[in-house]
Number of protein chains: 2
Amino acid sequence: MRPTVHDIAAKAGVSLATVDRVLNNRPGVRGVTRDKVERAIEALGYVRDVAAANLAKSRIYPLVFILPEGDNTFMRGLAAEVEAAKARSAVERTAITVLSVPAFDAPALAQALEEARGLDPAGVAVVAIDATEVVRAVDRLREDGIAVVTLVSDLPGSSRDHFAGVDNVAAGRTAGTLMGRFLGGREGPVAVVAGSMLVRDHRDRLEGFGAAMAESAPGRRLLPVVEGQDDPGEVDRLVSNLLADHPDLAGIYSLGAGNRGLIAALERTGRDKTVCAIAHELTPHSRTALLSGTLDALLNQDAGHEVRSAIRVLKARADGLAVIGAQERIRIEIFLKDNLPVDPA
Amino acid sequence: MRPTVHDIAAKAGVSLATVDRVLNNRPGVRGVTRDKVERAIEALGYVRDVAAANLAKSRIYPLVFILPEGDNTFMRGLAAEVEAAKARSAVERTAITVLSVPAFDAPALAQALEEARGLDPAGVAVVAIDATEVVRAVDRLREDGIAVVTLVSDLPGSSRDHFAGVDNVAAGRTAGTLMGRFLGGREGPVAVVAGSMLVRDHRDRLEGFGAAMAESAPGRRLLPVVEGQDDPGEVDRLVSNLLADHPDLAGIYSLGAGNRGLIAALERTGRDKTVCAIAHELTPHSRTALLSGTLDALLNQDAGHEVRSAIRVLKARADGLAVIGAQERIRIEIFLKDNLPVDPA
DNA sequence: CTGTTAGCGCATTCAA
DNA sequence: TTGAATGCGCTAACAG
């Protein structure tokens with residue numbers, strides 16, 4: 001059996017309460033006593049039973065998630081994952097509040113962060129927009145001792161505790177290398193469709209894509225990036241224009257959301273088999289398009305993993321505990337038609 | 001607060017012990033009483049606090065892992081993950097025993113399964129070999145009420161509870177599609193190096209690869225598969241011969257382990273940049289080779305995830321609980337030089 | 001068949 | 001500054 005607080009108390013010749021004080025370094029223990037206890041802890045190789053501790057504390061963690069509104073499937077999937085986490089609240093001892101804000105609207109986001117602060121939660125997870133007012137709002141939360149994790153899109157200039165998302169420069173590079181190799185010697189320019197250059201993840205992906213294309217396909221012409229606001233209708237319109245303007249278009253990299261529009265435009269114009277299309281996020285639509293060949297590859301971040309990771313990190317930070325970095329690293333997944341997970345995700 | 005056993009007892013007008021009997025459907029409760037309690041459970045929406053239950057039970061799960069010996073890095077990594085799980089034993093309430101057996105040796109494996117049975121564990125995780133004597137040994141464990149999970153390589157004909165590994169037909173298909181697209185119009189045959197056709201995972205990968213190549217690159221010549229026993233030295237020898245015999249070799253798919261040999265042969269002969277090489281499993285060697293360009297793509301299964309999943313399933317099965325399918329699904333990861341995880345894995 | 005009671009490992013009053 | 005006692009939600013002897 002592993003040692004318990006009783007063993008420590010016995011070995012150190014003190015009471016349970018004193019052991020507890022040392023363990024949770026609470027005040028009111030003499031230096032010598034503390035030393036005695038710490039030696040006993042060391043000698044016995046004690047590790048606290050977190051489950052029992054939580055049981056005794058019956059602690060719950062009030063958490064706030066701030067998510068963008070909008071019509072795109074990825075964000076809806078993310079929201080669904082937060083709902084799923086809410087359903088696990090009893091088990092995970094969390095109490096989750098969700099705040100919705102208009103997409104790509106920095107003032108609204110800053111205001112939502114203030115609202116979250118008013119709720120006095122243990123932690124806040126937020127899909128960030130890269131703006132100074134948002135940075136300030138996040139920093140204020142931190143000053144109040146509230147843990148903050150950015151979700152999907154990061155906010156590097158802020159004092160956020162952690163980023164639960166993928167390395168988007170690397171994601172863009174991956175897309176670039178795939179595009180370069182899939183096109184091979186084929187002629188023609190490549191287009192890039194983004195959601196908005198306001199969010200960090202889109203800027204990072206663009207940067208990575210450009211760099212990798214330059215390496216794996218030097219001389220290939222990249223068209224100026226267009227921004228579709230992650231809105232399917234807008235993306236459809238933009239892609240249709242691109243296809244009309246460039247009859248020799250060889251490839252499209254869609255680095256944001258709203259892929260329903262991309263897919264619709266490609267299929268409507270009959271260019272779905274000739275243009276190499278690489279997009280982000282596995283949704284029912286993109287899955288179908290990958291299977292039919294309209295999309296050639298899909299990069300994905302596991303929204304469920306991101307939400308679960310954000311919760312783990314927030315809880316740990318709220319308790320002042322360290323997190324295991326490796327477990328919280330979100331992978332960039334690559335899907336071809338052959339390695340799609342079987343469940344409709 | 002969520003309802004507890006006390007609430008149920010009060011509502012149903014019975015004692016704690018009776019509630020517990022119903023909850024864990026133990027015998028010795030009259031039908032009417034049982035009904036009363038069940039109605040109360042239903043009405044209150046009770047969900048058991050697993051942590052508290054485990055604390056009260058102070059149950060531990062004796063588990064046995066049976067792993068193949070051998071010089072390849074993947075299996076050593078798997079063993080390391082099992083060791084890591086062992087280090088978490090106190091927290092996860094497990095007691096893990098590891099049994100090593102010679103690789104690709106069915107009789108030895110069957111014997112190890114018998115040995116495991118003698119240890120009377122709650123569950124056994126085994127890297128399977130597809131042979132009737134192994135099937136029989138697994139079935140015997142199951143008859144004794146011991147949970148069995150196959151790890152990495154499956155045993156479809158047996159009564160194992162679960163397979164903790166990837167869909168290897170899909171993995172092979174993925175490799176085939178990548179190979180076809182990376183080669184494009186380039187001439188020349190493609191070689192396949194396996195470990196042994198005795199294990200299911202290698203047979204499955206070969207099948208998938210052949211099918212996908214036929215689709216994405218019809219007419220491309222596939223050389224007869226060679227078997228390197230997952231041994232770096234043997235693989236080196238075989239690949240060197242292939243390279244010598246086929247000056248026009250366009251690609252190599254290494255579907256087993258022992259990639260150090262593959263990499264060495266390619267680099268020694270200076271064919272590393274001209275031959276498109278796709279292999280399995282991320283190791284320090286394969287990572288370096290991917291970054292240098294000797295390997296063009298890497299398929300991977302997360303050994304850590306597989307081990308953790310096997311343990312979760314084994315524990316759940318030992319308790320007669322259901323598992324959440326989605327969480328236990330092991331993904332086929334694709335790595336290019338651009339999306340490698342940063343930690344040396 | 002049912003109920004009482006005493007823990008599991010830890011945190012937290014309240015006294016001393 | 002320290003200790004004794006009680007309870008978190010659940011299980012398991014042991015009585016009745």
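Keep in mind that what you see is a predicted model, and the values were worked out from it rather than measured. A, B, ... follow the sequence lines: proteins, then strands. Residue 1 opens every chain.
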More than 12 heavy atoms of other groups within 6.0 Å of B:E92 CD | yes

Distance check: side-chain N/O of B:T33 vs OP1/OP2 of C:dT2, anything under 4.0 Å?
-> yes

Between B:R48 and D:dT11, is there a side-chain N or O to OP1/OP2 distance below 4.0 Å?
-> yes

Flag side-chain contact, heavy atom, 4.5 Å: A:E69 against A:V101 | no

Atom CZ of B:R93 and atom P of D:dT11: how far apart are they, to the nearest Å?
-> 13 Å

Touch check for B:V19, heavy atoms < 4.0 angstrom, all strands: base, sugar-phosphate only, or nothing?
-> nothing

What pair of heavy atoms forms the shortest contact from A:A128 to A:D154, and how long is it?
-> CB-O, 3.8 Å

Give one of base, sugar-phosphate or nothing for A:A53, where a contact means two heavy atoms less than 4.0 Å apart.
-> sugar-phosphate

Spacing between A:D20 atom CG and D:dA4 atom C1', to the nearest angstrom | 14 Å

Would you classify B:T4 as touching base, sugar-phosphate or nothing, given that sugar-phosphate means primed atoms plus P, OP1 and OP2, and contacts are heavy atoms under 4.0 Å?
-> sugar-phosphate

Whole-Å distance separating the CG atom of B:N54 from the C1' atom of D:dC10 = 10 Å

How do B:R26 and B:A51 order along DNA chain D: which one's closest nucleotide is nearer the 5' end?
-> B:A51

Whichever of B:A56 and B:V14 has its nearest DNA chain C nucleotide further upstream toward 5' = B:V14

Separation of D:dT1 atom C1' from A:K36 atom NZ, nearest Å, is 12 Å

Is the closest side-chain heavy-atom distance between B:N25 and B:R34 below 4.5 Å?
-> yes

Between D:dT11 atom C1' and B:L55 atom CG, what is the distance in whole Å?
-> 10 Å

Mind checking A:D49 for me? I need base, sugar-phosphate or nothing, with any heavy atom below 4.0 Å counting as a touch.
-> sugar-phosphate

Nearest-Å distance, CG (B:L16) to P (D:dG7)?
-> 14 Å

Below 3.5 Å, does any donor atom in the side chain of A:R21 face an acceptor in the base of D:dG3, or the other way round?
-> yes

Do any side-chain nitrogens or oxygens of B:S15 fall under 4.0 Å of OP1 or OP2 in C:dG3?
-> yes

note: B:R34, atom CZ; C:dT2, atom C1'; distance rounded to Å ~ 13 Å

Side-chain N or O of A:N24 less than 4.0 angstrom from OP1 or OP2 on C:dA11?
-> yes

For A:T18, answer base if it contacts any base atom (sugar-phosphate contacts may also be present), sugar-phosphate if it contacts only those atoms, and nothing otherwise; contact means non-hydrogen atoms under 4.0 Å.
-> sugar-phosphate

Nearest heavy-atom contact between A:P62 and A:I60 is CD-O, 3.4 Å

